[in-house]
Amino acid sequence: MTQDKLIQENFITKIIDDDNASGKWGNRVHTRFPPEPNGYLHIGHAKSICLNFGLATKYQGKCNLRFDDTNPLKEDSEYVNSIIEDVKWLGFQWEKEPLFASDYFEKMYNYALILIEQGNAFVCDLSFEEVRNLRGTLTKPGSESPFRERSIKENIELFLKMKAGEFADGEKTLRAKIDMRHSNLNMRDPIMYRILHSSHHRTGNNWSIYPMYDWAHGLEDSIEKITHSVCTLEFEDHRPLYDWYLDRLSVYHPQQIEFARLNLNFTIMSKRKLKRLVDEGHVDGWSDPRMPTVSGLRRRGYTPESIRNFSDKIGVTKRDAIVDVAKLENALREDLNKKAPRVMGVLDPIKIIITNYPDDKLEYIDAKNNPEDESAGKRKIAFSKEIFIDRNDFMEEPPKKFFRLSFGREVRLKFAYYITCNDVVKDSDGNVVELHCTYDPETKGGMSEDGRKVRGTLHWVSASEFIEADIRLYDRLFNDENPEAGGDFVKNLNVESLKTIKNAKLEISLASADSNCIYQFERTGYFVLDSKDSKKENLIFNRAVSLRDSWAKINR
RNA sequence: UGGGGCGUCGUCUAAUGGUAGGACACCUGGUUUUGGUCCAGGCAGUAGGGGUUCGACUCCCUUCGCCCCAGCCA
């Protein structure tokens, strides 16, 4: 385990420290990450993953990956597989094999029988609507079901029949007998089992009754001997019920602890809303690089380390909070700055002809692969009479603080030579099509003996030796930091969140770009081969994140 | 408006009775063969009002604000 998988102190580590001091769990820490396999994981789940696995690592404990698959209507093994892949990719290893709540159905069923025998549960014939009507409201107590006082014998017979599939969906439920006047609505005779004649992704048609979350979850934790059952804030109201079930059964009883889920500005986190973006075709599926899904971030060029570091930096509390997405971007830049090999790529090319450079000469010059890491070494890049630079690195009439190329000005071509612009060639519409420059042969490598200074250093690509590729420039998916502002989030979609550039000119080494490597295009940003659409004969690079750009700020 | 939870720089987060600190963002300046990185500095906060105390982000009272709960979802 590397150091960055450890988490910083928070209110949960304090609870654990206290527990260890008192010997509550015998110095044992055992957490779990319990996703329902009904969709793809997103950055919010990543926070929970980093927390649960991070706690286990910090305290030399264990963390289970457990699928909470108690609702066959919504779940699918496709999601199981993607979740397994995502957790692995994030760099975490669970205890043994992935676990499934559905593997405990038989145990849960037997526990339910115990509760019935205790007189703490009953079979209820009320319809969906009748249950709702008798539940009461936030301010008014509910009323008891007319079936609440059935005999234990009758309850057992009925429950057996429910299990045997003798009733239709919705015809009966098993309910806990608690208190219909309770101020916490979760305690008003909550439903433990519902009848669902539906095929389950693992148990097939073995069951016609399925346990509800509150009944199932505590038992899952109990069976696995979890110590700290960490979940999000909205389950705080459910804790009394979690405790009630385990107390009645007198079984091993973990402690449920709630923390605030992650919110990020400029994006949405709800599975339902993300699904709408997919279904309505606003994005290219769940792994679109603009999606906050783990698979989307991966395709975008995010690294597991950056996501783990981000999770650590945002902390863990009980306050609702909206984290600035800039913090996520910062975590990526921080990681990539250290590791990303530098290459040169010209996105919006304008040709330069170096008039005093020999026509047929092609020379290879040394370029550093990473100034942050000498061990990354050097490579040779081609230099020739004709080269490309980016259009926005030239201005005919530069503003005061512009120190890139303009008429009559000398700049450095990174690693190559100083050049001076002498002539601007335009088409009939007045667009700049070509620049004529001269170079100083004495400045090879990009340095002059006489100590003369140049303000600007440009990236460039030889027009004699280069490859072309498509570039996808991604930006934030929404225009407003709060996508919900003004109603429908679809209306706040940023129509410029994806700009595609055709035929960008890249240095030739990128012809054999590694699809697992994220490159820094000097002065531009971090790019990765698109894992879905890039082909050998048509390379496509995604921009993970731009470099910080203080020139753009000055310009504003 | 029944119950449960939460209020600290613009944002996220420390400090649990003893100098309100860090990160991101923003702004200066320096270094730089990336207007990147790095370095130095700056800006900026305890929701309001009372009380206890030598001393309060922290304890008490009170007001205000925000979030969650009326699925046979999780």
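Reminder, nothing fancy here: chain letters follow the sequence lines and each chain counts from 1.
B/A23 and B/U11 make up a base pair, with Watson-Crick or G-U wobble contacts both under 3.5 Å. Pairing partner, B/C57: none, since no Watson-Crick or wobble contact has both distances short of 3.5 Å.
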Please list, pair by pair, any protein nitrogen or oxygen found under 3.5 Å from a nitrogen or oxygen in nucleotides 42-45 of chain B.
none

Provide a list of protein-nucleic acid N or O atom pairs under 3.5 angstrom, restricted to nucleotides 26-31 of chain B.
unit_1, atom_1, unit_2, atom_2, d
B/C26, OP1, A/K553, NZ, 3.1

Polar-atom pairs under 3.5 Å, protein N or O versus N or O of nucleotides 10-16 of chain B: list them with distances, or write none.
unit_1, atom_1, unit_2, atom_2, d
B/U11, O3', A/I322, O, 3.3
B/U11, O2', A/I322, O, 3.1
B/C12, OP1, A/I322, N, 3.2
B/C12, O2', A/I314, O, 2.9
B/C12, O2, A/K327, NZ, 3.4
B/U13, OP1, A/T317, OG1, 2.8
B/U13, OP2, A/R319, NH1, 3.3
B/A15, OP1, A/K14, NZ, 2.7

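Taking a centre distance below 5.5 Å and an interplanar angle below 30 degrees as the stacking criterion, A/W551 stacks against the six-membered base ring of B/G35.
With sequence neighbours left out, the side-chain hydrogen bond (donor to acceptor under 3.5 Å, both in side chains) criterion links A/K338 to no other residue. With sequence neighbours excluded, the residues forming a side-chain hydrogen bond (donor to acceptor under 3.5 Å, both in side chains) with A/E507 are A/R379, A/S509, listed by chain and number.
Checked against the 6.0 Å centroid threshold, A/H217 and A/Y213 count as a close aromatic pair.
Going from atom CG of A/N330 over to atom C1' of B/A23 covers 8 Å, rounded to whole Å. Taking atom CZ on A/F128 and atom C1' on B/C73, their separation rounds to 10 Å, with Å as the unit.
A heavy-atom distance below 4.0 Å to RNA chain B is reached by these residues of residues 229-244 of chain A, ordered by number: A/E234, A/F235, A/E236, A/D237, A/H238.
Cation-pi check for A/K163 over A/W207 is met; the charged atom lies under 6.0 angstrom from the ring centroid and within 45 degrees of its normal. Figure legend: A/R276 and A/F489 shown as a cation-pi pair, the cationic atom lying under 6.0 angstrom from the six-membered ring centre and within 45 degrees of its axis.
Under a 3.5 Å cut-off, the side chain of A/R32 and the backbone N or O of A/V230 do form a donor-acceptor pair.
No engagement by A/E329 is indicated, since no non-hydrogen atom pair under 4.0 Å with the nucleic acid exists.
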